[in-house]
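What follows is a short report on a single structure.
Just so it is clear: chains get the letters A, B, ... in the order the sequence lines come, proteins before strands, and each one is counted from 1. The figures here come from the full heavy-atom set of this structure, side chains too, leaving out hydrogens, waters and symmetry mates. As the structure is a prediction and not an experimental result, all values here were calculated from the model.
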Amino acid sequence: MDHTCFDTAKIDKLQELRERGVTVYPYTFDRRDTVEEIKERFSTIEHDKSEEEVSTAGRVYVVRQHGKTIFADVGDSTGRIQLYLRKNDLGEEQFDLFKQYVDAGDIIGVVGHVFRTKMGEITIWVDRFELLTKSVCPLPEKFHGLKNVETRYRQRYLDLIMNEESRETFRARSRIISLLRQFLFERDYLEFETPTLQPIYGGANARPFTTHHNALDQKLYLRIAPELYLKRLVVGGFDKVFEIAKNFRNEDIDTNHNPEFTMVEVYEAYHDYNDMMNLTEEILGHLAERVLGTTTCSFAGHDLDFSRPWRRLTMEEAVREYAGIDFPAMSLEELHAFGLEHCVEGCESAATRGEYLVLFFEHFGEKHLIQPTFIYDFPIENSPLAKKHRSKEGLTERFELFIAGMEMANGFSELNDPLDQKARLEQQDAKRRKGDLEAQMIDYDFINALGYGMPPTGGVGIGIDRLVMLLTGKDSIKEVLLFPQMKTAVPGQNGDKAEEGDGEE
RNA sequence: GGGCCUGUAGCUUAGUUGGCAGAGCGACGGACUCUUAAUCCGUAGGCCAAGGGUUCAAAUCCCUUCAGGCCCGCCA
């Protein structure tokens with residue numbers, strides 16, 4: 001079975017063009033001007049044709065034929081412009097070539113002069129044109145465009161061809177990442193690349209993707225975080241490091257989650273979690289100001305305000321505020337009773353004060369955290385890589401940033417006591433062996449690295465995809481991922497269930 | 001894992017007491033030398049996501065499956 005979208009009429013035209021000796025897929029074109037440059041340079045042009053010649057190229061979006069003249073709109077990555085072709089000027093052969101064989105979707109190069117039509121539109125009066133690529137698939141409708149979200153995600157190229165809004169979103173994404181790099185470079189952080197294929201995964205609690213290296217005959221995991229490798233670099237003497245990395249987590253897909261997603265992780269020696277909260281605030285505040293041009297934006301029905309400083313609450317304070325209880329004063333029995341009374345999920349199996357604290361925070365607090373808010377001082381139970389709090393028993397120096405109810409960043413004073421780290425990873429490993437699929441493995445090489453001595457270090461990870469969502473106003477992660485993960489459209493196409501496949505054509 | 005919703009021509013879609021599957025754009029043929037969702041005349045294009053059931057009759061009602069969207073759970 002044929003899974004192509006090739007259109008027979010277009011294929012026929014392509015064959016006819018070849019028979020006429022036209023090179024349908026030539027190799028290059030001397031494009032000297034972008035659409036944007038032309039529109040700027042001739043913004044004040046009147047009806048008379050320019051002296052100056054322009055040459056540009058792009059995709060044909062619409063063709064309007066009028067007998068012996070043709071209007072067409074072409075677009076490149078900078079915008080769209082109208083073309084005007086006349087039989088008198090092009091000559092019969094060229095004009096008929098355009099008339100019969102150039103369709104919406106084709107890519108052409110044109111040379112001509114600029115003028116303004118009676119209707120006031122800046123237009124290229126075409127002296128000659130060249131077919132640069134013949135499109136053999138039909139373009140969606142010119143007015144309504146491509147709306148179907150599944151097609152927009154599965155055939156993102158088509159979405160980008162048709163929808164300026166999508167192009168704008170991904171331009172913003174590129175700009176956000178570029179500004180982030182620039183911000184960190186300007187402050188002397190070094191960017192490194194650490195392994196994506198890891199023999200031992202770590203740095204987060206999540207289920208990994210597994211794979212196998214044939215030559216080593218060994219199991220490998222796709223990283224769930226770069227954390228443990230970046231800390232090795234701090235041990236090695238790089239004081240300020242970061243990595244913008246894809247992480248992979250074998251978990252469910254929804255509006256906030258994709259199995260592969262982009263994080264920036266930053267580590268800085270001689271800093272603690274307070275410094276990292278400040279840094280996070282600076283980075284995100286800076287990006288918001290540069291991308292939005294202001295400190296406010298609207299997201300999923302909320303008016304967000306990024307003006308600094310941002311609110312900071314300990315987790316206990318958040319529970320006091322949103323659950324209305326004096327957590328530290330309550331006994332374990334009282335906590336248990338309170339949890340059951342309010343139907344807090346997970347309370348049946350909770351055993352420690354720390355577990356109750358997290359459960360209550362998630363149940364009562366998280367959804368209220370609309371404006372940028374740091375929550376800090378997390379229980380030690382679920383923070384195996386964070387340093388024990390300098391003064392509060394049972395807590396760690398860990399923070400998370402919440403915006404619009406989403407977890408945006410996670411950081412801590414990094415645990416650098418190798419004995420403590422060994423003990424905590426052993427606890428994690430025990431949980432993992434008991435069936436906790438998200439508990440961490442023991443990475444003895446990482447523990448040994450700490451054994452050589454890691455300076456006091458602060459670290460933070462910021463979710464780039466969610467940040468792009470905020471700054472572009474998109475409330476689904478799929479709208480900010482060029483190629484969101486989807487189920488294979490054609491059964492058997494990827495080698496799964498080969499017997500059902502029809503790939504033998 | 002639970003709930004709600006969607007799937008009709010290449011695209012955007014109409015289609016209820018169940019009664020011949022329609023339109024616009026696009027495509028194809030024709031007319032037209034300042035149009036811009038060009039206009040005008042004509043033609044072709046559909047296993048109504050797939051499978052099963054109810055019925056004289058199913059795009060429409062029921063069941064199953066597939067794909068997608070949204071919400072909840074899970075994801076510390």
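If you measure from atom NZ of A:Lys99 to atom P of B:rU33, you get 9 Å, rounded to the nearest angstrom. Between the CG atom of A:Leu90 and the P atom of B:rU33 there is a distance of 15 Å, given to the nearest Å. At whole-Å resolution of the value, CG in A:Leu437 and C1' in B:rC75 are 12 Å apart. In this structure, A:His66 atom NE2 and B:rC41 atom P are separated by 16 Å, rounded to whole Å. Protein atom NE2 of A:His363 is 10 Å distant from nucleotide atom P of B:rG73, rounded to whole Å. When the C1' atom of B:rG1 is taken as reference, atom CG of A:Asp252 falls 9 Å away, rounded to whole Å. Following rounding to the nearest Å, A:Leu85 (CG) and B:rU35 (P) show an atom-to-atom distance of 16 Å. Atom CZ of A:Phe115 and atom C1' of B:rU35 are 10 Å apart (whole Å).
Between A:Lys431 and B:rA76 there is no side-chain N or O to OP1 or OP2 distance below 4.0 Å. Close to B:rC11, at under 4.0 Å from its OP1 or OP2, lies no side-chain N or O of A:Lys147. Using a 4.0 Å cut-off, some side-chain N or O of A:Lys487 falls inside it from OP1 or OP2 of B:rA67. At the phosphate of B:rA76, neither OP1 nor OP2 sits under 4.0 Å from any side-chain N or O atom of A:Ser383. The side chain of A:Thr255 contributes an N or O atom lying less than 4.0 Å from OP1 or OP2 of B:rC71.
Within the nucleic acid shown, A:Glu438 comes within 4.0 Å of sugar-phosphate atoms alone, with no base atom in reach, counting heavy atoms only. Backbone-only engagement by A:Lys478 is indicated by non-hydrogen atom pairs under 4.0 Å involving sugar-phosphate atoms exclusively. The residue A:Glu362 sits close only to the backbone: its heavy atoms come under 4.0 Å of sugar-phosphate atoms, none of a base. Using a 4.0 Å heavy-atom criterion, one finds that A:Phe378 contacts no nucleic acid atom at all. Residue A:Lys118 is in base contact, counting any heavy-atom pair closer than 4.0 Å across all strands shown. Contacts of A:Arg398 with the nucleic acid, taken as non-hydrogen atoms under 4.0 Å apart, include base atoms. Within 4.0 Å (heavy atoms only), A:Glu141 reaches at least one base atom of the nucleic acid. Using a 4.0 Å heavy-atom cutoff across all strands shown, A:Glu121 reaches at least one base atom of the nucleic acid. At a threshold of 4.0 angstrom between heavy atoms, the contacts of A:Asn410 include nucleobase atoms, whether or not backbone atoms are also involved.
Residue A:Phe143 places its side chain closer to B:rA37 than to any other of B:rC34, B:rA37, B:rG68. Each of B:rU36, B:rU33, B:rA27 was ranked by its minimum atom distance to the side chain of A:Thr117; first place goes to B:rU36. Distances from the side chain of A:Met119 to the nucleotides B:rU35, B:rC74, B:rU33 place B:rU35 closest. Picking from B:rA76, B:rG69, B:rG10 the nucleotide with the shortest atom distance to the side chain of A:Pro138 gives B:rG10. The listed nucleotides are B:rU12, B:rC34, B:rG69; the one nearest the side chain of A:Tyr153 is B:rG69.
Figure legend. B:rA67 is base-paired to B:rU6; pairs are counted as Watson-Crick or G-U wobble with both atom distances under 3.5 Å. Nucleotide B:rA21 has no partner under the Watson-Crick or G-U criteria, as no pair reaches both atom distances under 3.5 Å.
In terms of modelled atom types and a separation under 3.5 Å, the side chain of A:Glu251 and the main chain of A:Arg207 share a donor-acceptor contact.
With respect to the salt-bridge test (charged N to carboxylate O, under 4.0 angstrom), the residues A:Asp106 and A:Lys134 qualify. Between A:Arg167 and A:Glu165 there is no salt bridge, since none of the side-chain N atoms of the basic residue sits less than 4.0 Å from a carboxylate O of the acidic one. The existence of a salt bridge linking A:Asp272 and A:Lys387 is excluded, since no basic side-chain nitrogen approaches an acidic carboxylate oxygen closer than 4.0 Å. Contact check on A:Asp96 versus A:Lys99 returns no salt bridge, with no Lys/Arg side-chain nitrogen under 4.0 Å from an Asp/Glu carboxylate oxygen.
Comparing B:rC72 with B:rG26, their P atoms are spaced 42 Å from each other, to the whole Å. Distance check on atom P: B:rG15 versus B:rU33 gives 41 Å, rounded to whole Å. Nucleotides B:rA23 and B:rG30 have their C1' atoms positioned 23 Å apart, rounded to a whole Å. Comparing the C1' positions of B:rC75 and B:rG7 gives a spacing of 30 Å, expressed to the nearest Å. Taking atom P on both B:rC63 and B:rG45, the two are 36 Å apart, rounded to the nearest angstrom. Between B:rA50 and B:rG46, the two P atoms lie 14 Å apart (nearest whole Å). Remark: the separation of the C1' atoms in B:rG22 and B:rU64 is 31 Å, to the nearest Å. Comparing the C1' positions of B:rC25 and B:rA58 gives an interatomic distance of 30 Å, to the nearest angstrom.
With hydrogens and angles ignored, no donor-acceptor pair under 3.5 angstrom links the side chain of A:Arg154 to the base of B:rA67. In this model, a side-chain donor or acceptor of A:Gln82 finds a partner on the base of B:rU35 within 3.5 Å. Judged by atom type and distance alone, A:His144 does not reach the base of B:rC11 through any side-chain donor-acceptor pair under 3.5 Å. Put simply, the side chain of A:Asn88 and the base of B:rU33 share a donor and an acceptor less than 3.5 Å apart.
Remark on RNA chain B: of its neighbouring residues A:Thr151 and A:Val62, the 5'-side contact belongs to A:Thr151, judged by nearest-heavy-atom nucleotide.
Checked against the 6.0 Å centroid criterion, the rings of A:Phe261 and A:Phe248 do not qualify as a close aromatic pair. Aromatic pair A:Phe95/A:Phe129: ring centres not closer than 6.0 Å.
In this pair, A:Phe115 and A:Tyr84 present their aromatic rings tilted. The plane angle is within the 30 to 60° band. The aromatic rings of A:Phe360 and A:Phe364 stand perpendicular to each other, their planes meeting at an angle above 60°, with 30° marking the opposite boundary.
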